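Each remark here refers to the structure printed beneath this line.
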Amino acid sequence: AWAVQRADDLFLHLGFAALGALSRSGQSRPFHREADGLLPAEGCALLALKRLDDARRDGDIIHAVIRGIGLSNAGRGKGLLVPDESGQRRAMQAALADAGIDPAQVSLLECHATGTPVGDGTELTSTAQVYGARPLAIGSLKSNLGHLITAAGAAGLIKLTEALRHGVLPPNRVVDAPLAALATSPLRLLQSPEPWPADAPRIAAISAFGFGGNNAHLILSDAALVETSLPGFPEAHAPSGASSALRGTAGGAESVSSV
């Protein structure tokens with residue numbers, strides 16, 4: 001699975017400017033109270049996807065396992081460009097149900113957050129409604145790279161795979177003035193790297209919310225759990241279990257990253 005993004009002037013810069021979504025300050029600042037829009041970026045991302053049983057059979061290095069996927073569409077909700085909380089919740093709940101896990105078992109979430117005030121605020125609300133049982137570490141790669149548009153989801157997935165592999169919760173770009181909603185939210189914005197304890201299953205999630213109400217959510221687990229049966233954490237199953245090893249690139253940074 002791969003994607004390439006090139007920020008062309010006509011479609012992206014003029015198009016997003018006309019929609020009022022392009023950052024006037026030229027900064028990508030997800031979760032910042034003064035964020036004024038997204039900043040298009042350029043890059044590519046490449047991952048190798050393989051059925052879990054096939055990867056085991058072939059003796060592949062398994063970096064992570066996809067445990068569940070949830071999709072929804074809220075195009076008939078509030079409009080083409082307006083995010084819808086209910087549609088986002090449905091995608092998250094579907095992924096968790098597909099994985100057969102409880103939201104409290106997820107300890108890292110890569111948000112879609114692009115730096116648009118309405119979009120980031122809506123995502124914080126919908127996410128807290130699903131994952132609000134306990135504090136959850138969150139971040140957005142767009143704070144570091146900008147919005148990779150077509151490659152954004154794959155780049156975020158590589159970020160989570162590397163976080164799982166290294167046992168580190170990666171930081172968001174420092175936000176000196178977070179959105180007010182974060183002060184009372186169970187969602188905790190990571191502002192510095194933290195060790196990711198291995199005393200419980202390492203499970204991460206990623207959201208991707210697009211134009212027209214297209215919503216996707218994915219649950220990812222540590223590869224160390226592939227051969228482990230833990231209470232409340234089922235074996236990866238056929239529709240979602242996939243893993244392999246391949247050299248991948250995202251935003252110019254190269255690493256051995258795959259799912």
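In what follows, residues are counted from 1 in the order of the sequence shown. Predicted, not measured: the structure shown is a model, and the values here were computed from it.
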Self-check item: Atom pair NE2/CG of H32 and L182 - distance to nearest 0.5 Å
Solution: 11.5 Å
Quiz item: If only atom types and distance count, is the side chain of N172 paired as donor or acceptor with the main-chain N or O of S143 below 3.5 Å?
Solution: no
Quiz item: What is the ring orientation for H112 with F209, classed by angle as parallel under 30°, tilted 30 to 60°, or perpendicular over 60°?
Solution: tilted
Quiz item: Got a second to check how far L38's CG is from L22's CG, nearest 0.5 Å?
Solution: 6.0 Å
Practice problem: Give a yes or no answer on whether the side chain of E110 reaches the backbone of L157 with a donor-acceptor pair at less than 3.5 Å. | Solution: no
Quiz item: Of all residues at least two apart in sequence or in a different chain, which pass the side chain to side chain contact (heavy atoms under 4.5 Å, CB included) check with P170?
Solution: L108, K159, A163
Self-check item: Atom pair CD/CD1 of Q5 and I149 - distance to nearest 0.5 Å
Solution: 5.0 Å
Quiz item: Between CD1 of I62 and CG of D222, what distance do you get to the nearest 0.5 Å?
Solution: 11.5 Å
Quiz item: Who pairs with E194 by side-chain hydrogen bond (donor to acceptor under 3.5 Å, both in side chains), at least two apart in sequence or on another chain?
Solution: R188
Exercise. Measure from the side-chain N and O atoms of R29 to the backbone N and O of E34, and report whether any donor-acceptor pair falls under 3.5 Å.
Key: yes
Quiz item: For the atom pair CD (E85) and OG1 (T127), what is the distance rounded to the nearest 0.5 Å?
Solution: 9.5 Å
Self-check item: R202 (side chain) donor-acceptor with W196 (main chain) under 3.5 angstrom
Solution: yes
Practice problem: Give a yes or no on whether the backbone of V174 and the side-chain of D176 come within a donor-acceptor separation of less than 3.5 Å. | Solution: no
